[in-house]
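Hydrogens, waters and symmetry mates play no part in the numbers below; they use all other heavy atoms, side chains included. Reminder, nothing fancy here: chain letters follow the sequence lines and each chain counts from 1.
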Amino acid sequence: MENLGALAVLLAFCLSVYAVAGSVAGKWRKNLFLIVSAERAVYSVWILLTVASAVLVYALMTSDFRLAYVAQHSNRAMPAAYKFAAWWGGQEGSLLFWSWLLATYASVAVFTNRRKLREIMPYTTAVLMTTQTFFLILNAFIANPFQVIAQDGAVISVPDGNGLNPLLQYPAMAIHPPMLYLGYVGMAVPFAFAIGSLIHRLPGEAWIHTTRRWSLVTWLFQGVGILLGAAWAYAALGWGGYWAWDPVENASLLPWLSSTAFLHSVMMQEKKGMMKVWNMTLVSSSFFLCIFGTFLTRSGIVSSVHTFAQSAIGHWFVGFLAIGIAATTYLILDRLDFLKSEAQLESVVSRESSFLFNNLILLASCFAVLWGTLFPVISEAATGEKISLDAAWFNRLMIPIGLFLLFLTGVGPLFAWRRTSVESLRKNFLWPGLASLALAGGLVAAGMRNFYAVISFGFCLFVALTVLAEFHRGAAAIRAKNQVSYAMALVELTHRNTRRYGGYIVHMGIVLMFIGFTGAAFNQDVTREVAIGEPIRLGSYELKVREVTDGDNENYTWQHAKIDVWKNGAFAGTLEPERQFYKASRQPVGRVAIRRRLNEDLYLNFAGTGEDGKATVQAYLFPLVTWIWVGSVTLVLGTLICLVPAKVRREYARTEVVGVLKKTAAVRS
Amino acid sequence: MKRRPAPLVLLALLTLGAFAQMPSKSNEDIHRVGMRLACLCGCSDTVASCKMPGCHFAEPARVEIREMLSAGLSDAQILERFSQKHGASILRAEPSSLGWLIPYASIGLGLLMIYAFVRRYSRKPAPLAEIPAGDSRYQEQIEKELANLE
Amino acid sequence: MILAAACVLTIAVIAFVLLVRPSDLPEAESVSPFAHLDERKASIYENLRDLQFEYRVGKLSDEDYQATKKDLQRELAGVLAEIDALKEKLGVDTATRPAPAKAPASAAASVCPKCRAKFAQPMKFCGECGAPMGGQG
């Protein structure tokens, strides 16, 4: 069975090399047969990788412990869903998963463009398949998931496997890596189209229109992946944090930040034909940051909670990144004339400038995170001493940057394209500005002395008001014109320009998330060893351990606490945190219990009982943290709205050469 | 997009210290000292940042630091004890100012780039004359197509 | 068994890749040499539409509106000139085909906002309940 998998990977490698060579040669020699054959090779790579993945998943599901990968990442006691999730649970499997996703994306991209953009498709295919080849080299020769365990030259099977890391045996965690990978891999498609049109010097912005949805969907997957990771960290790691600036978390944030910058600055190119070089740079750097993220996760260069395996594949990644970046830089520099700006800036006070600042801040934060992540490596190389930067360092640096970004979120949409006079500014700024000043003043008067928190709440109100005003004005105008109800007018308004109003909803989600982040300024916690019935006080809560039970199943042993909660003297229910000890991996894991409310979360971690029978309980109070998840849902909704085709499509008079028939086409807007 | 204002947590913890009923040292103190000590469990993190659950080195070390802090030892004394026990290689340097400088320098560089961009692409507000005479033949076509706009 | 499957898979894949018949070649959509200029024109029209809407909802001052509108019209004239120049260069005659017929001016005009009755064309007043419908019918 495993031979079939290994063969499929090897064959896929050959075909993907063929696809690169075939499409480029076909393009140069204008041989349509070669181009089509190369495209078929793309589909074939997908089929072969699907076969290989199916073989691996089959081995995992049937607990075939002759395979080293299965023995390392699965065991008999694991539920079926986690056996399946073990596909991406370890080094070799996750790289195969990456390859398979890339092949899927490539096949979809090639298929949907089989009649369109014929001039650049060979190059696009070549770029996609070059990346595919790189990953297939890893799959076939460096991190082969189909290796069997051999002893004295004979294949043997171990009685039971090590099992998936128990921390990863958690529902959000089972889908967090695939989401992130969908994001990481997806960036390859916009990048490939961008490079394709750059090589061919395709006039117009066709690559942007074609890949607009790709980049948005990719961005969404990446964001959802990050947020699921945060939700997992919050609910599973037992210390109540959702973000620890762990290198691998940072690695997933980097491409997200740079593609956020890309999604914004690409509007400059669509609207005015400016910043072409910059957008090309951004789409490329997003792609390379995705590869870099995979590299960080997989190579263990900066160690973290996520890098469960360390290996030598780092060199391969560094090589690929170096060659890729060099080639892209050369292409961009060589074709600067093709990327020349078509327009000028009319005024410094304009939407254009706000995009410049938005890009600056997003990229600066991206760079700061990158710098902080690599600092241990850099400092070791420079001074021989490994200096780690902790979460506090990141927070001190990123809070001001984040707040400024929040401010820009509110300010940007108030500026008009091209120029904005003082009068327009006054019209738009006056009320939101006054209201947020009033809120900040009120908070200080009410005794809030936390500078950042006051600023953050003020900005949140400001942005929320500007977004609401935007919806209100538009809806009011439509209601007056079409004589429909206000709700209908809102729907109509959003439907007319889904991108803009969906974008505003995304901004609203960001505001809600910032409310949640700001709550962290008011966290409280207490750790105590208590006897049964002894009270613990935290804020307005009183906690009493009612009983502790224990037991075991085939996967782990557990200790289970029932803790009664009183809030302001009134009984508020029972929370049941648990301590589990996984047998296969010999790891203890705390399963926390959380009482989630919109104003604050009560978060209990039970650390087991001591020899004196006293229970150790860590209780945390996290104000407003639920708003992060509310904001995340809003962000997803907004992005989905952006993906809905707008009602008013950009259909326009077409200039046609007389005597040639053309199909109708509309630029997707 | 996620920022957890940890310095604020520290502030909040200090002001809310009255509520904490344990005479223990706050986690931030342990963290500060832990950041100066390498974790010897095989990871390349520090005692404070090693998040391996149930780490055989970091977790006891953190308990030790907590006890030493409670006993009133200074940071330097604690570090001294650890280096005596595990060798000097366990010590990690404090974050230098370089770590701070570069990110802010990058913002400065970005501002310069924006300035250069604005300088390069700004144009004087063109006199609000009508569309140049040579293009007047398009005026009619534009008007017609504009009328179809909405 | 496994060996047979491996052989079948290999042969099938290679055959699929290498055997491309002439009838398999895709019929590429012909691309007008004016496509990118049309696209630019469309994007300017869209900017104009946005501008008008922002002005109507009161986000823009008169002065900004007029100045930006002038700019956009000037840009439009530039694109039209480019189209003509290209026409001359290619030596072809062209016709401008209007945008594909739109769906009824707006959905709101053919569906009564009050009683939800639907009509084939935009109506000024609803034929069922008499409520104003905003169409030109």
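Between the side chain of A:S37 and the backbone N or O of C:L18 there is no donor-acceptor pair closer than 3.5 Å. A donor-acceptor distance shorter than 3.5 angstrom exists from the side chain of A:N428 to the backbone of C:K59, with no hydrogens or angles considered. Side-chain atoms of A:S424 come within 3.5 Å of backbone N or O of C:S61 as a donor-acceptor pair. Here the side chain of A:R40 pairs a donor or acceptor atom with the backbone of C:L19 at under 3.5 angstrom. At least one donor-acceptor pair closer than 3.5 Å links the side chain of A:K427 to the backbone N or O of C:L60. A donor-acceptor pair is defined here as one N or O able to donate and one able to accept, closer than 3.5 Å; no such pair exists between the side chain of A:R418 and the backbone of C:T68. Here the side chain of C:D64 pairs no donor or acceptor atom with the backbone of A:A416 at under 3.5 angstrom.
Contacts of A:L32 with chain C are made by both backbone and side-chain atoms, with heavy-atom separations under 4.5 Å. Using a 4.5 Å cut-off between heavy atoms, A:L425 makes no contact with chain C at all. Only the side chain of A:V51 comes within less than 4.5 Å of a heavy atom in chain C; its backbone stays farther off. Looking at A:R426, there are no atoms closer than 4.5 Å to chain C (heavy atoms on both sides), in backbone or side chain. A:L48 touches chain C through its side chain: at least one heavy atom from C-beta onward sits under 4.5 Å away, while N, CA, C and O do not.
For the atom pair CG (C:D71) and CD (A:Q344), the distance works out to 11.0 Å, reported to the nearest 0.5 Å. Between the CZ atom in C:F16 and the CD1 atom in A:I47 there is a gap of 6.0 Å [rounded to 0.5 Å]. Remark: A:N497 CG to C:E46 CD distance equals 7.0 Å, nearest 0.5 Å. Taking CD of A:E270 as the reference point, atom OG of C:S43 lies at 8.0 Å (rounded to 0.5 Å). One distance of note links CZ of C:R56 with CD1 of A:I478; it measures 7.5 Å at 0.5 Å rounding.
When side chains are defined from C-beta on, A:E470 counts as touching C:E54, because their heavy atoms get closer than 4.5 Å. Residues C:L72 and A:W417 are not in side-chain contact: their nearest non-hydrogen atoms beyond the backbone lie 4.5 Å or more apart.
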> Are A:R419 and C:E63 close enough, and set up right, to give a side-chain contact (heavy atoms from CB on, under 4.5 Å), and what steps lead you there?
Replying inline: CA-CA 10 Å; A:R419 61 174 67 72; C:E63 173 197 350; over 6 Å; no
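Contact record, C:A6 with A:L4: CA-CD1, 3.7 Å, taken as the closest heavy-atom pair.
For the pair A:E205 and C:R40, the salt-bridge criterion is not met [side-chain N within less than 4.0 Å of a carboxylate O].
Other residues, nucleotides and ligands place more than 12 heavy atoms under 6.0 Å from the CZ atom of A:R201. Annotation: C:L3, atom CG; neighbour count of heavy atoms from other residues, nucleotides and ligands within 6.0 Å does not exceed 12. Counting non-hydrogen atoms of other residues, nucleotides and ligands closer than 6.0 Å to OH of A:Y486 gives a total above 12.
Most heavy-atom pairs under 4.5 Å with chain C: of the set A:A8, A:A477, A:A41, this distinction falls to A:A41. Residue with the most contacts toward chain A among C:V13, C:L25, C:I2: C:L25 (heavy-atom pairs, distance under 4.5 Å).
Residues satisfying the side chain to side chain contact (heavy atoms under 4.5 Å, CB included) criterion with A:L10, sequence neighbours excluded, are A:A140, A:F141.
Legend: side-chain hydrogen bond (donor to acceptor under 3.5 Å, both in side chains) pairs involving residues 5-21 of chain C, not counting sequence neighbours, sorted by first then second residue: C:R21-C:D24.
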